[in-house]
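Everything on this sheet refers to the single structure shown next.
Reckoned from all heavy atoms, side chains included, excluding hydrogens, waters and symmetry mates. Chain identifiers are assigned alphabetically (A, B, ...) following the order of the sequence lines, protein sequences preceding nucleic acid strands; residue numbering begins at 1 within each chain.
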Amino acid sequence: MSSSASTSAQEPTRRDFIYIMTGAVGAVGAGLYAWPLIDQMNPAADTKALSTIEVDMAGVEEGQQIIVKWQGKPVFIRHRTKKEIDEARAVDAASLRDPQTDDQRLVPDMNGNLQPQYLVMIGICTHLGCVPIGDGAGDYDGWFCPCHGSQYDSSGRIRKGPAPKNLPLPPYKYLSNTLIKIG
Amino acid sequence: MSGYSSYEPKSGFEKWLDSRLPIVRLGYDTFIFPTPRNLNYWWTFGGILAVMLMSQIITGVILAMHYVPHVDMAYDSIQHINRDVNFGWLLQPMHAVGASMMFLAVYIHMFRGIYYGSYKAPREVLWIVGMAIYLLMMATGFMGYVLPWGQMSFWGATVITNLFSAIPFVGDAITSWLWGGFAVGDPTLNRFFSLHFLLPFLILGLVILHVWALHVPGNNNPTGISVKDVEKDTLSFHPYYTVKDAFAIVVFLMVFAAFVFFMPDALGHPDNFIRANPLVTPAEIVPEWYYLPFYAMLRAIPDKLGGVITMFGAIALLFVLPWLDTSKVRSMRYRPLAKLFFLIFVLACIGLGWCGANSPMAMVFVTGTDAATGEPTGFSFLWLARILTLYYYAFFLLILPILGLVEKPKPRPQSIEQSVLGKGEA
């Protein structure tokens, strides 16, 4: 730039244009080179392919929870008791940290009805990723995370402790009254 | 290394080489170098760290010959090293205990730097390079602890990588990118192994910069007074401090050896002798002891992003320390108030480590029993951690900036020589 300034005071020169173009092409080239180096760390195709599982919930007794593995993550399937469902429904959703009603935590079956006894959630604490302890643990008859003390209620909603969100729901749908497909 | 050089090539070959690649001069100037004559044993930890870094690199490269970075085989390969590989029983604990020893030495080295004001002008860059080394050490230590693939390895990796999910909007994308999947798994283990191999060499590169930055202004010293007369105030690094460092290194290696031979697993966690299980979180997750103070800060804040910011902020503060301390006097030896606050700071750091090792809900001391639940009530580790975190931040953001303006320092000796020989001690 300084050399061009000494020859012609105002007008941009061909040399300025070449400088800028070279720099711009170089920057785009560096980006194109860097992206594969960065993106290779994202989940590989075979990892992503392991995306769906089917689970028959008929064998899960009332008051029992099973954990199935989906995409390397634990999924909680709990057959809730009447008491747990009633407690979850009695809560004023607006008062919660991550407001959701119990119905919003469920997915309708093939006939469009909710089956409130089956609660399906990803069993990963939304704080720092530990697996909460179930079977009515904690102060809210739900789940308790042993790592940093987050407490979830019987609908898997965050009630106490450092976690910011409710336990997430995996994408799933009913294939029959008790058979679900996760993913 | 820079500027000062007393090297004079003697033989014809040395002269020939010196005008082409002055590598002999580099080695000579690194050790024949004027050093304040009053350095105490707190100054030996730099040499100790250099020895430990070399030990870690050598044992690490050897362990990599026998270790298998795969979720199905990693745990067994550590057992294989400890039981079957010739001298594996020695090399694996040397590496694992060596990491702890390096952190012990680096913490003493850092506290020494703070007490004697070694970060102050003209040594700010020297200090910042040191902090970058410390940060890389933390990353290296963390990834190394994941490799044995026990329960603490797995869940430690899960918790630490999830710290990044606290970042708004892009947090989940970043954690998935770090994992190479939807949870910590085989891709994560593989890349951690690769990076754990790489980072020590970056540390070595930074150590070279650290020593270079040291050779420009020269060593600080316990009085904090600059060298005025090279003849009277300094001694050559070799042989005076090579011998002093060597003695300290031998003493330090004795402590190291005591752990390696008699209690190789004392600094680890029993849960890491259980294979990693992605479906079961241990009852309590604790990191290695050298991260405990920061872990306590993370848990002290009842908000995810806030906790993460508090934890990383504590390290970020160290980087800007040279500009937070307003005092012109380097050494706290002559700063009675700063000395007191520094002592409390050291205790606060140790106290935070104690909090990090205990459940936040546990009680430091019990005052009574809750009438309704029957559970003990009292002063919990959560609140102790909060108070100590507050002090940690106050030390850097309030105490050091204000103290430099209001504190009246004690009279300092005229020179380093005078402080040693006691003539006219003020």
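Contact tally against chain A (heavy-atom pairs below 4.5 Å) for B:Ser359, B:Ala283, B:Pro282, B:Gly307: the top residue is B:Ala283. For the set A:Gly129, A:Cys147, A:Pro132, A:Pro162, the entry with the most heavy-atom pairs within less than 4.5 Å of chain B is A:Gly129. If you tally non-hydrogen atom pairs under 4.5 Å between each of B:Val280, B:Ile285, B:Leu279 and chain A, the highest count goes to B:Leu279. Highest contact tally toward chain A, considering only B:Thr161, B:Leu163, B:Asp303, is held by B:Leu163 [criterion: heavy-atom pairs under 4.5 Å]. The residue among B:Pro278, B:Gly181, B:Pro187 with the most heavy atom pairs within less than 4.5 Å of chain A is B:Gly181.
A 6.0 Å sphere centred on CZ of B:Phe273 holds no more than 12 heavy atoms belonging to other residues, nucleotides or ligands. Within 6.0 Å of CZ on A:Phe17 lie no more than 12 heavy atoms contributed by other residues, nucleotides or ligands. Residue B:Trp383 qualifies as open at atom CH2: its count of foreign heavy atoms under 6.0 Å is 12 or below.
Of the atoms belonging to A:Ser150, not a single heavy atom falls under 4.5 Å from chain B. Neither the backbone nor the side chain of B:Phe164 comes within less than 4.5 Å of any heavy atom of chain A.
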Tell me, with the steps shown, if A:Met41 and B:Trp179 meet side chain to side chain contact (heavy atoms under 4.5 Å, CB included). CA-CA 8 Å; A:Met41 280 177 67; B:Trp179 293 334; over 6 Å; no
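With rounding to the nearest 0.5 Å, the separation of CG in B:Asn162 from CD1 in A:Ile124 is 7.5 Å. A:His127 contributes atom NE2, which lies 8.5 Å from atom OG of B:Ser165 (distance to the nearest 0.5 angstrom). The structure places CD of A:Gln40 at 6.5 Å from CZ of B:Arg191, a figure rounded to the nearest 0.5 Å.
Between B:Ser176 and A:Pro43 the shortest side-chain heavy-atom distance falls below 4.5 Å. The closest side-chain heavy-atom distance from B:Trp177 to A:Ile38 is below 4.5 Å. You'll find the side chain of B:Val159 reaches within 4.5 Å of the side chain of A:His148, heavy atoms only. Side-chain contact between A:Leu128 and B:Ile160: absent, with no pair of heavy atoms (C-beta onward) separated by less than 4.5 Å. The shortest distance between side-chain heavy atoms of B:Glu284 and A:Pro146 does not fall below 4.5 Å.
Among all heavy-atom pairs drawn from B:Phe182 and A:Thr47, the shortest one is CE1-O, 3.8 Å.
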